[in-house]
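Only a predicted model underlies this, so the values are computations on that prediction, with no experimental measurement involved.
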Protein chains: 2
Amino acid sequence: MPAIPPQAPRSRVPAPRPRKPKPRTRYHHGDLRRALLEETVRIIRDEGVAGLTLRTVGARLGVSRTAMYRHFADKSALLAAVSRDGFTQLRVALQAAFDGGGRDREAFDAQGRAYVEFAIANPSHYRVMFGGFVDKSCVDPALAAEADGAFQVLVDTLVELQARGVLRQDEPRQLALFVWSLVHGLAMLVIDGQLQGRPAADDLLGFTFRRMWSGLEA
Amino acid sequence: MPAIPPQAPRSRVPAPRPRKPKPRTRYHHGDLRRALLEETVRIIRDEGVAGLTLRTVGARLGVSRTAMYRHFADKSALLAAVSRDGFTQLRVALQAAFDGGGRDREAFDAQGRAYVEFAIANPSHYRVMFGGFVDKSCVDPALAAEADGAFQVLVDTLVELQARGVLRQDEPRQLALFVWSLVHGLAMLVIDGQLQGRPAADDLLGFTFRRMWSGLEA
DNA sequence: ACCTGAACACCGTTCAAGT
DNA sequence: ACCTGAACACCGTTCAAGT
């Protein structure tokens, strides 16, 4: 349950000196692109993807609603950037969980837990990443690279566990897809509310990892 | 790759006898609701959810674009009905695969395969069912019941496999959620195109079921 | 380069009115 | 009951124009 970050209410015009007709210093100090992206992520978190409106993004930034088109081709491209940003965050979280946990079998469970926790903490963001919102016809190569990067963290983790002799010597990418399917499916079911009245997410997570290991240990 | 069903081009007005001012026989012979639902499913299959427009649905049926509101509260309710319809189809397919396969361990694999195949054959429909499109605030109880029905087929299947002694004696619902997560995650990754250039879906399916069984057998 | 503001072609939904 | 047609308040995107 991430708290809403502290954020000064934005006024449309800074208006420090209202004497000249319209000084209107160049908006956004050089990084409107980043500001647009962050504001979009914020709106998606608070209102969901369906509540995202390009007009609102502009208005909240004190900028014309067409200013966005200088930085993104269209709404789909903006969502692709949001998706890319999500994969970056996910990659960092997965790596941190494994490294911080001691790079062993228990650390791998912590990594899986971090995956599901990311989805629970950012359900709308997660849905943008996997919900088929970004237009497949114009796949951002940067997005594909970032998604691959997150997947690669998992592959590397599995290779390391194989080297330690605790994990079966199957093809690492196939093992990674097996694990990814499991945590991805679990995450989706949780954030979709399909677990209503069923075993709590935490119990299920523990059970899932035990069964998974039972199928994967060397 | 389902072919586009044969469909006569619709004219707004039949106009067989243009003498009387406007005879306009009562449209849709009593089941506009079903016609709306079927047309919506067709549009979603061909164009995706993003391509769905209430105006188009009406136009394709030769009906005013507001006629829909006699049968569905709003667009979200229409999508909820689509979702419900999908869960019905899925439930029937899962049951048929297990029954037709001989109700044993291999039949269970066939059921899993049927699950993933349903998602691959109807990716957009599947996304409506799990993509968070239906408004959670007004959950259709009929939809919840139908989703539960599909889940129950899996639970019943697992109970039967336990009785045959081929499956661990864990809590069936927890086992079912484990399996569901796995096939659901697999299905999502496949229809999202995340498996590009990676092991073919069919190989992965076989590998996944083998690892799964290794963690589940009694 | 970067941004504006008007305009365009859409969209879901409401509602008084018809039969 | 069931459906229409006009109207309302939106939406993404384009584009000539400003600096």
It should be established whether B:Y69 places a side-chain nitrogen or oxygen under 4.0 Å from OP1 or OP2 of nucleotide C:dT14. no
Can you find a side-chain donor-acceptor pair between B:Q95 and B:D99 that sits under 3.5 Å? yes
Is any side-chain N or O of B:R55 under 3.5 Å from a base N or O of C:dG12, one able to act as donor and the other as acceptor? yes
Please report, rounded to the nearest Å, how far the P atom of C:dC10 is from the CG atom of A:L54. 18 Å
Within the distance-only criterion (no hydrogens, no angle test), does the side chain of B:N122 pair as donor or acceptor with the backbone N or O of B:F118 below 3.5 angstrom? yes
Length of the line joining B:L52:CG and D:dC11:C1', which is rounded to integer Å: 16 Å
So does B:L79 get a backbone contact from the side chain of B:S83, meaning a donor-acceptor N/O pair under 3.5 Å? no
With a 4.0 Å cut-off on N to O distance, would you call A:D85 and A:R34 a salt bridge? no
Under 3.5 Å, is there any donor-acceptor pair linking the side chain of B:T66 to the base of D:dG5? yes
Let's see if you can work this out: which of D:dC2, D:dT4, C:dC3 has an atom nearest to the side-chain heavy atoms of B:V63? D:dT4
Would you say a side-chain N or O of B:H71 is under 4.0 Å from OP1 or OP2 of D:dC3? yes
Verify the contact: side-chain N or O of A:S64 to OP1 or OP2 of C:dC3, cut-off strictly under 4.0 Å; return yes or no. no
